[in-house]
Number of protein chains: 2
Amino acid sequence: MKILVVEDDASTADYIARGLKEQGHVVDKAANGRDGLFLAAGEGYDLLIVDRMLPGVDGLKLVKTVRGAGVETPVLFLTTLGGLDDRVAGLEAGADDYLVKPFAFAELAARVNALGRRASRPVQDTVLRVHDLALDRLKRTVERAGQPITLQNQEFRLLEYLMSRAGEVVTRTMLLENVWDFHFDPKTNIVETHMSRLRGKVDRGFDAELIHTVRGAGYVLRAPR
Amino acid sequence: MKILVVEDDASTADYIARGLKEQGHVVDKAANGRDGLFLAAGEGYDLLIVDRMLPGVDGLKLVKTVRGAGVETPVLFLTTLGGLDDRVAGLEAGADDYLVKPFAFAELAARVNALGRRASRPVQDTVLRVHDLALDRLKRTVERAGQPITLQNQEFRLLEYLMSRAGEVVTRTMLLENVWDFHFDPKTNIVETHMSRLRGKVDRGFDAELIHTVRGAGYVLRAPR
DNA sequence: GTCCTCTCATGAAGATTCTCGTGGTGGAAG
DNA sequence: CTTCCACCACGAGAATCTTCATGAGAGGAC
């Protein structure tokens, strides 16, 4: 694999480059954003490893620019800030994965391999919207008509699935397979129970219902007409 | 979409065919396994809807034969028997989905659309094996050295992920993203806790350890050398 | 070799999720 | 129109999963 490392700290860059070369990869280095951008846009790399903080053009901007130019090369972000917001910003800019410094080399290697294998996955939207309901996959937040809604994990996954298929009838079996990972019938009404709880949070208190029951078939999430 | 319905009961076949035609699909019918096999192998269908019980060549055999001939067309199975074993058999034979009769037409339509969209997904093994440990994704069973092991849902997903990457180092972050669907750091040792419980069931009492800790990086599931 | 620090393992407590049972509602049959 | 039946909603209790707190073990510094 041909990898570009964009990192201003020389010792970190060397540490990464040496390790990756030992694993049989071809590694180029760039010490600042401008050089990085130039190389990333021109040469055919299989992976970019980019520091978040860079002199010149910073990491975020670099990734956005590269993506804007239509380059689909996977990007692994290195960040010193451990905060959630920072990672979200990186992922939203178009990065495929992130790693918080300091990190063990084995961890970097594992991620490099994972990204290399994945190549280019289908892109999917970060924010799902139906009517006045919005769900952010990365921030894991939901709000309706501007009001934040707190959902449990399972409720969130259920809503995410419903919204990703808004307007289509979703059967009980489809939900069991895709939300719960059940490939058999648990013979309980687990779906109804969670749907009931989700309705309590998403529909109750608002003027229009979004979740509708389709008797004999399943459920639909649909904007009022 | 061009769809073939293989169903011996004429009224059911008509019911399905009429509904699908209303949705704009092109539908052919076959009343027995032999005709179905002939058509499925020859014409370029986008989807096969096959009854489990058929005179002549039965549904299971039909699917196996078709798959054996290298035809990748998605298959939706119709079954009257609601038992788990029956569905498993269908999926193992190469079907992509199943539907238990009687069913509402809306449910069939939803599944037909889902399969049409998916087209052909990457195939993955049903049974994962590492050393004397075996995990069956469909039957949701695990056994080691012939002894059955009972796992909770989360434990099962964790082991499934480990086994699907056997021999590779798997980091805590990768586990959080792929097993728990967490795209952020929960700042707890939830991974360690479950790993501990999994070890208790999978490794304890057997002569060789399969789950190994890689300090500073993560875990590996590996056969003893 | 010894101490110190950081990571990991594990049991118990708390939170969430699932199961079960009951009652309600809509559609079909008479 | 009335009755019946199937499907659905929802609260309470049980099971499972997650968090927290603590101790043990590994690796590095001196």
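What's counted below: heavy atoms across the whole structure, side chains too, no hydrogens, waters or symmetry copies. So you know, we letter chains A, B, ... as the sequences are listed, proteins then strands, and number each from 1.
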Peer 1: Working to the nearest 0.5 Å, report the span between CG of A:Asn189 and CE of A:Met195.
Peer 2: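 A:Asn189 CG to A:Met195 CE: 12.0 Å, rounded to 0.5 Å.
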Peer 1: Separation of B:Leu175 atom CG from D:dC17 atom P, in whole Å?
Peer 2: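 About 16 Å, once rounded to whole Å.
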Peer 1: By nearest atom, which of the nucleotides D:dG27, D:dA9, C:dG26 is closest to the A:Arg215 side chain?
Peer 2: C:dG26
Peer 1: When the distance from CD of B:Glu192 to P of C:dC6 is rounded to whole Å, what number comes out?
Peer 2: 16 Å
Peer 1: Expressed in angstrom and rounded to an integer, what is the separation of B:Phe103 atom CZ from D:dC7 atom C1'?
Peer 2: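 Nearest whole value for this atom pair: 18 Å.
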Peer 1: Given atom CG of A:Leu151 and atom P of C:dA15, what is their separation to the nearest angstrom?
Peer 2: 19 Å
Peer 1: Less than 4.0 angstrom between a side-chain N/O of B:Ser196 and OP1 or OP2 of C:dT10, yes or no?
Peer 2: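 Yes, such a contact exists.
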Peer 1: So what does A:Arg157 touch, heavy atoms closer than 4.0 Å: a base, only the sugar-phosphate, or nothing?
Peer 2: nothing
Peer 1: Using whole Å, what does the distance between atom P of nucleotide D:dT18 and atom CZ of B:Arg172 come to?
Peer 2: 15 Å
Peer 1: Rounded to the nearest Å, what distance is computed from the CZ atom of residue B:Arg199 to the C1' atom of nucleotide C:dG11?
Peer 2: 16 Å
Peer 1: For C:dA9, does OP1 or OP2 lie under 4.0 Å from any side-chain N or O of B:Arg204?
Peer 2: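 No, outside the criterion.
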Peer 1: State, to 0.1 Å, how close A:Phe156 and A:Leu151 come at their nearest heavy-atom pair, and which atoms those are.
Peer 2: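 So the minimum-distance heavy-atom pair works out to CA-CD1, 4.0 Å.
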Peer 1: What pair of heavy atoms forms the shortest contact from B:Val130 to B:Leu210, and how long is it?
Peer 2: O-CD1, 4.2 Å
Peer 1: Looking at every strand, decide which applies to B:Gln152 at a 4.0 Å heavy-atom threshold: base, sugar-phosphate, or nothing.
Peer 2: sugar-phosphate
Peer 1: Work out which heavy atom in B:Val179 is nearest to a heavy atom in B:Gln154; give both atom names and the distance.
Peer 2: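 Nearest heavy atoms, B:Val179 then B:Gln154: O-NE2, 4.3 Å.
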Peer 1: Got a salt bridge between B:Arg18 and B:Glu22, using NZ or NE/NH1/NH2 to carboxylate O under 4.0 Å?
Peer 2: no
Peer 1: If you measure from CD1 on B:Ile3 to NE2 on B:His25, what distance do you get to the nearest 0.5 Å?
Peer 2: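 One finds 4.5 Å between CD1 of B:Ile3 and NE2 of B:His25.
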Peer 1: Nearest to the side chain of A:Tyr219, which nucleotide is it out of C:dT25, D:dA9, D:dG27?
Peer 2: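 In terms of side-chain proximity for A:Tyr219, the closest of C:dT25, D:dA9, D:dG27 is D:dA9.
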Peer 1: For the atom pair CG (B:Leu175) and OH (B:Tyr161), what is the distance rounded to the nearest 0.5 Å?
Peer 2: 6.5 Å
Peer 1: If you compare every side-chain N and O of B:Thr213 against the phosphate oxygens of C:dT7 (OP1, OP2), does one of them come in below 4.0 Å?
Peer 2: no
Peer 1: Using nucleotides 18-21 of chain C, report all nitrogen or oxygen pairs with the protein that are shorter than 3.5 Å.
Peer 2:
residue: C:dC18; atom: OP1; partner: A:Gln154; partner atom: NE2; Å: 3.4
residue: C:dC18; atom: OP1; partner: A:Trp180; partner atom: NE1; Å: 3.0
residue: C:dC18; atom: OP2; partner: A:Trp180; partner atom: NE1; Å: 3.3
residue: C:dC18; atom: OP2; partner: A:His194; partner atom: NE2; Å: 2.5
residue: C:dT19; atom: OP2; partner: A:Thr188; partner atom: OG1; Å: 2.9
residue: C:dC20; atom: N4; partner: A:Asn189; partner atom: OD1; Å: 3.2
residue: C:dG21; atom: O6; partner: A:Asn189; partner atom: ND2; Å: 2.8

Peer 1: How large an angle, rounded to 10°, do the end axes of the helix from C:dG1-D:dC30 to C:dG30-D:dC1 enclose when each is built from five base pairs?
Peer 2: 30°
Peer 1: Is a donor from one side chain sitting under 3.5 angstrom from an acceptor on the other, for A:Arg140 and A:Asn153?
Peer 2: yes
Peer 1: Is any side-chain N of the basic residue among A:Lys29 and A:Glu7 closer than 4.0 Å to the acidic one's carboxylate O?
Peer 2: no
Peer 1: In whole angstroms, how far is the P atom of C:dT7 from the CE atom of B:Met195?
Peer 2: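 Between P of C:dT7 and CE of B:Met195: 17 Å.
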Peer 1: Rounded to the nearest 0.5 Å, what separates atom OG1 in A:Thr171 from atom CG in A:Leu176?
Peer 2: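 Atom-to-atom, A:Thr171:OG1 and A:Leu176:CG are 8.5 Å apart.
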Peer 1: What is the distance, rounded to the nearest whole Å, between atom CG of B:Asn153 and atom P of C:dT17?
Peer 2: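 Atom-to-atom, B:Asn153 to C:dT17, this comes out as 13 Å.
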Peer 1: Tabulate atom names and distances for all N/O pairs under 3.5 angstrom spanning the protein and nucleotides 28-30 of chain D.
Peer 2:
none

Peer 1: Which residue, A:Arg172, A:Arg199, A:Arg197, forms the salt bridge (charged side-chain N to carboxylate O under 4.0 Å, His left out) with A:Glu192?
Peer 2: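 Only one option passes, and that is A:Arg172.
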Peer 1: Would you check if B:Val220 and B:Val170 make a side-chain contact, meaning some heavy-atom pair closer than 4.5 Å?
Peer 2: no
